Every structure is written in structure tokens, then in C-alpha cells.
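Read the structure below first, then the notes.
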Amino acid sequence: MAKEFRIYNTLSNRTEALLPKKKDHLTFYSCGPTVYSYAHIGNFRSFLTADLILRTANAIGWDVTYATNITDVGHLTEDDLTDPSGEDRMVKALKSKEGEQFVNIWDLARHYTETLVEDWHRLNLREPTVRPRATEHMREQIAAVQKLMANGHAYETDKGVYFSVTSFPEYGKLSGNRLENELEQTVRDVVVDDDKHDPRDFALWKKDDKHLMQWFSPWGWGFPGWHIECSVMAMSYLGETIDLHAGGEDLIFPHHECEIAQSESLTGKPFATVWAHTRFLQVEGEKMSKRLGNFFTVRDLVAPESEGGKGIDPLAVRMTLFSGHYRKPFNFTMKTLKGNVRHRERLEEIIAMVGHPEEGTGDYAGETGTVLAGMYERALEAMLDDLNTPAALAQLFGGTKMILGKGDALDEQARAAARRWLSDMNALLGVVYYDDAPAPAEVEDPLAAQVEPLLQERAAARAAGNWGRADEIRDELSALGVDIKDAKDGTTWKRKQQI
RNA sequence: GGUGACGUGGCCGAGUGGCUAGGCAAGGGUCUGCAAAACCCUGUACGGCGGUUCGAGUCCGCCCGUCACCUCCA
């Protein structure tokens, strides 16, 4: 029986079945970041939505051709202008304190691309089929602009080439921003290109022979507009009409609206069947901003304390980012993160109890297996229903509780079923263990050298019934920032969470 | 001003007409030298006012409140 994958389509404002043009093969494009800084948790909430779509589609047996781009051209902060006085975010980053470490703008782009991919793997996001870069598709972008000019959808001024919005009557169908005068209502105190035909017209090419990144075109030296790269790369790898296009909610307008206008003017065909957008997250109840001090990059949270991070389990960060529905406002708080660190510890306990799925899984046999199979089915159903991640997590917690509750009473058949369940749940949600990439290398904790002798001394004291000394050592360890736990087969320790 | 979302128990967060969501916190208990962890038990909430219905958190209308986007943003 074929499963139906339902997802909210911004274009129709309805939740509808995702129907790949080619049976059981989804073509999917997700807008990636501009690489001018380390990616923050908000960026990753959006990438994570794409990852969950990929996992859910795979879980019902679909093949997915998944492209997510790297924008390594710094675009002007005022996108509709070709006036080079506007500031480029990558140039701005290069001139900043942080930017001093880079030889040039290309070096900066390379660095932030590499670190993006590192963070991507830390959060257990699966690799896309392709990860195209804007700078590597310059020829196609220029060709697309030429074609748009030839079609009468674009025109040239002294400052650049613009897309003519009036040439595409459906402009506004995605965002609802149809009115010409709305743009004029926005207060702006920047210089506008007076030669533009319509205030809504946006740049396809910007003439600028002073820019740090420039290419030669039929219009002289310059660089492409922001929107054209995604149109070109999506069509290059996925075809003229793609099944699903995703991104953050801020991209609805102007970015995706402009992509539609350009792409459909080029091909005369619908550009994407379904558009999915992830809502911004808030942090501690407010919009994330550096000024408010609630701005977190992934690295801030997951890097080891010795490297200035908080040393938080990356999979707990991942779990937190989807503990709210992707289409609702979500408030990321340290309290929620802390709760998910606990959930992750419980998952680790289960793996210690029933074994790692990589050691081999079984069928959903026996009574335990039947219950776990039902939990997986419900989790999958939840994900198929517009990525209902909180409901899917409830199933994960339910199974966790059951397995921990039965503990040593589980026989080998039940343990094998549990490993199968962990494997299936992980394939769907990616929070049990790293499945697509090797886990970040374990580093030797320098604290171990201090802790181990004390634990040995304490074990001796306990064996001798010297409880006073044993408790004293526990206090000493606590002062070092270490929590210990006595179990049947010895004492384990871990760092106290710093959050 | 335009457009779109949302308002659920102390907190977070599912739930589109009748059937226990779940988690965290809290209280009680089991276990343990003591801790910790784990496990068990305990909570009938849906912004307000009308309406539809045998029955509404769920549908309709109005009101109140919060948030987002409207050329920096994932």
C-alpha cells in the first residue's frame, strides 16, 4: 500500500499530498546559506526540515534527488539595486575582525563552506545528492540572463540587467505581494536606479568592475543577482519542474517569488510543484540577534569547552530544533535543550542495554517487537502528516520508556527487535546515533587523568565500607565539575552540563 | 497599511467533531550504604463572547492578545 506524504504548500496555502512527477522519485531543492559566517541554529532549523523531508521520503521507499546550494557570491544587502555602494555581506565579513584571518574573499568563502559541512555532519544531516556552488555555475547564470533578455523578460540599464516584473503577470502568486505600490510603502532611504521600469524589478546581473568577485559577461565585468543562481542550479540538476522546493520563511519573498518569475519565464513551465517553508525560531522568547545576546551558532553549542563551546551533545541540539513543528513559531530555550540532553542520555542507555543496531538487527518479533513496530509505524505516520515531529518524538519517548522499564528482562529476541526499532527510528529522525557520517572523533578528555585515580580510591573505600571517605571523594569530584553514578558493574562519570 | 500564522494544564508541546498525546517540572512510592539514574503512581487544560450540533479544544462569526514577512536574514 502506497503511503501518502502530505506537506503544507505555501503556493496553495493548503496541506496536500506530495506527488513526485516520476513515481517514487522525488526531486527536491533546498536553499542553502550564504557563506559569510558560521551557520547559526536558525539556519540549521531550516536545513533540518529538508533533512527530515529526505528521511521521511526515504522511509517510504522513495528515491530522492536532493540538491542544496552554497551561495558563495556575496550579494548586495539591497538586492534590487545594482548600485555598488550597497554593501556586500561577504565583503563586510572580510573587513571585520573575524575576517582578518582570510587571505581574500575566496578564502573566506572556502572556510565558511567547509565549516558549514562540518556542522552539517555534526547535526547528523544526510549528505545531499549534490551541493552546487553559485560560483561554479556562472556560465549557466549568464546564459539564463541572456535568454531572459531575448524573451523580453529582462532589460539592461547603465547599472545592470533587471527582470521585468510586468512581463510575468503571475508575480506575487507565492507571497501574495502583488501590489505594485506596496514596495513604495516601505520606507527606504537608499539610492534607487532611476532607470528601472518598475519598482518591483529585481537585478539579474550587476555591473561592477571593482567588486572583489567578478566575472566577464555580455554586459561587462560584474556579478549575478541573488535569485538567478537558485533557478539555474535547481534546473541544472533537477529539471525544469521540480517536485519540492524548500527554505526558510524569509525566502518566500523576495527570493522564491523571484525564482518563480525567472524560471517560469525561461521555461514556460511551473518551476516547483510544492513550496515548503520553515518558520524562524526564536531564542528565549525573542528574535535571535547578536544584540540581544541570544545568537547561537551550531559551533557555540556543540564545540568542546576547551574550544570555547558549550560541549553539548549535537544530537540533543538536533532534537531540540525539531521538538516543535517546523511551521509554527518555535522558542529555542536552554531549558528545552537541557531536557533533550537527558533524552539523548536515555537513548544511549538503551543502546548500552540492547546493543548497537550496527551489531545486527532482528525482526519485530515477539510481544516487545509488536509494540515497537506499532510505535515506529505511528512515528512514520506522524512524519508523513506534514512532518509532525513532536508526535514522532512522543513515539520515540514511549519506546525508550518501555525498553528501559523492561531492562534486563528483555530476551535476545526482544533485544534484536529493539535494535531494529532503534535503527528504524534513527533512519527517520536521526537522533539515536550517527548514521550517514562517522561520529566526530572522540577526544581524550583531559579531565580523565584527574578523575580516574579518585574513582579508584573511592571504589576501595566503598569496598572497605568507608562511606565517609567515599562521599568525600564524591564531593571532590563534584567540585571538579564531574557527576558520578554507581551501577552494578562499576562507577561511571561525566561532566556536569554547563547549560 | 498589506499578507500569513498562532493563542492548549506550572512550563514546553501534539490533537479539525465524541475515544489517555507526549515531555519537563512538582508530589508520593520502589530500588540503592547514601547519592544519582531507572521504574511505578498522581494532572480532565484548551484567550473571550456568541452561533452550528445530540455532542466543539476541534466547525462558523466577532472581539482581545502574540508573532512573522512586506528587498539584511534560514
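Small disclaimer: the values here were computed from a predicted structure and weren't measured. Labels below follow one simple rule: chain letters A, B, ... track the order of the sequence lines, proteins then strands, and each chain is numbered from 1.
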Could you check how far [atom1] of [X] sits from [atom2] of [N], rounded to whole Å?
| X | N | atom1 | atom2 | result |
| --- | --- | --- | --- | --- |
| Asn9(A) | rG4(B) | CG | P | 15 Å |
| His256(A) | rG4(B) | NE2 | C1' | 17 Å |
| His343(A) | rG22(B) | NE2 | C1' | 9 Å |
| Leu393(A) | rG23(B) | CG | P | 12 Å |
| Arg462(A) | rA36(B) | CZ | C1' | 11 Å |
| Glu348(A) | rA38(B) | CD | P | 14 Å |
| Leu281(A) | rU66(B) | CG | P | 21 Å |

Please report the interatomic distance CG(Leu108(A)) to CG(Leu94(A)), rounded to the nearest 0.5 Å.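 Reported value, rounded in 0.5 Å steps: 5.5 Å.
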Using 30° and 60° as the class limits, which term best fits the ring planes of Phe202(A) and His227(A): parallel, tilted or perpendicular?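 Phe202(A) and His227(A): perpendicular rings.
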For Trp275(A) and His245(A), take the angle between the two ring planes, folded into 0 to 90°, and tell me which bin it lands in: parallel under 30, tilted 30 to 60, perpendicular over 60.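 Geometry flag for His245(A) against Trp275(A): parallel rings.
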Within less than 4.0 Å of OP1 or OP2 of [N], is there a side-chain N or O belonging to [X]?
| X | N | answer |
| --- | --- | --- |
| Lys494(A) | rA37(B) | no |
| Arg346(A) | rA37(B) | no |
| Lys287(A) | rC69(B) | yes |
| Arg89(A) | rA74(B) | yes |

Ion pair check, Glu257(A) and Arg200(A), cut-off under 4.0 Å: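 Judged by the 4.0 Å cut-off on N to carboxylate O distance, Glu257(A) and Arg200(A) do not form a salt bridge.
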Using a 4.0 Å heavy-atom cut-off across all strands, classify [X] as base, sugar-phosphate, or nothing.
| X | value |
| --- | --- |
| Phe330(A) | sugar-phosphate |
| Asn340(A) | nothing |
| Arg342(A) | sugar-phosphate |
| Ile484(A) | base |

Any chance the rings of His153(A) and Phe168(A) have centres within less than 6.0 Å?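 Judged by ring-centre distance (under 6.0 Å), His153(A) and Phe168(A) do not meet the cut-off.
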Less than 6.0 angstrom separating the ring centers of His40(A) and Phe295(A), yes or no?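 Yes - the distance between ring centres of His40(A) and Phe295(A) falls below the 6.0 Å cut-off.
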Taking the [atom1] atom in each of [N] and [M], what is the distance between them to the nearest angstrom?
| N | M | atom1 | value |
| --- | --- | --- | --- |
| rA38(B) | rA25(B) | P | 9 Å |
| rC24(B) | rC63(B) | P | 41 Å |
| rU42(B) | rU20(B) | P | 14 Å |
| rU16(B) | rC60(B) | P | 13 Å |
| rG9(B) | rG15(B) | P | 16 Å |
| rG10(B) | rG43(B) | C1' | 11 Å |

Closer than 3.5 angstrom, by distance alone: can the side chain of Tyr155(A) be matched with the main-chain N or O of His197(A) as a donor-acceptor pair?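 A pair under 3.5 Å: yes.
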Between Glu284(A) and Met334(A) (side chain of the first, backbone of the second, donor and acceptor by atom type, cut-off under 3.5 Å), is there such a pair?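 Yes: the side chain of Glu284(A) pairs with the backbone of Met334(A).
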Centroid distance below 5.5 Å plus an interplanar angle below 30 degrees: do Phe280(A) and rA74(B) meet both conditions?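 Here the ring of Phe280(A) and the base of rA74(B) are stacked, with centres under 5.5 Å and planes under 30°.
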Can you pull every protein N or O that's under 3.5 Å from an N or O on nucleotides 45-47 of chain B?
none

Which dot-bracket string fits RNA chain B when only Watson-Crick or G-U wobble pairs with both atom distances under 3.5 Å count, crossing pairs get [ ], and | stands for a partner on a different strand? (((((((..(((.....[...))).(((((.......)))))....(((((..]....))))))))))))....
Heavy-atom nearest nucleotide on RNA chain B for Phe47(A) versus Gly468(A): which residue maps closer to 5'?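 First, find each residue's nearest nucleotide; the 5'-ward one identifies Gly468(A).
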Here's a test of your reading of the structure: between Leu251(A) and Gly324(A), which maps to the more 5' nucleotide of RNA chain B?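 The answer here is Gly324(A).
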Polar-atom pairs under 3.5 Å, protein N or O versus N or O of nucleotides 15-21 of chain B: list them with distances, or write none.
| from | atom 1 | to | atom 2 | distance (Å) |
| --- | --- | --- | --- | --- |
| rG15(B) | OP1 | Asn388(A) | ND2 | 3.1 |

Of Asn9(A), Thr10(A), Thr15(A), which is the lone residue that meets side chain to side chain contact (heavy atoms under 4.5 Å, CB included) with Ser12(A)?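 Of the listed options, the one satisfying the test is Asn9(A).
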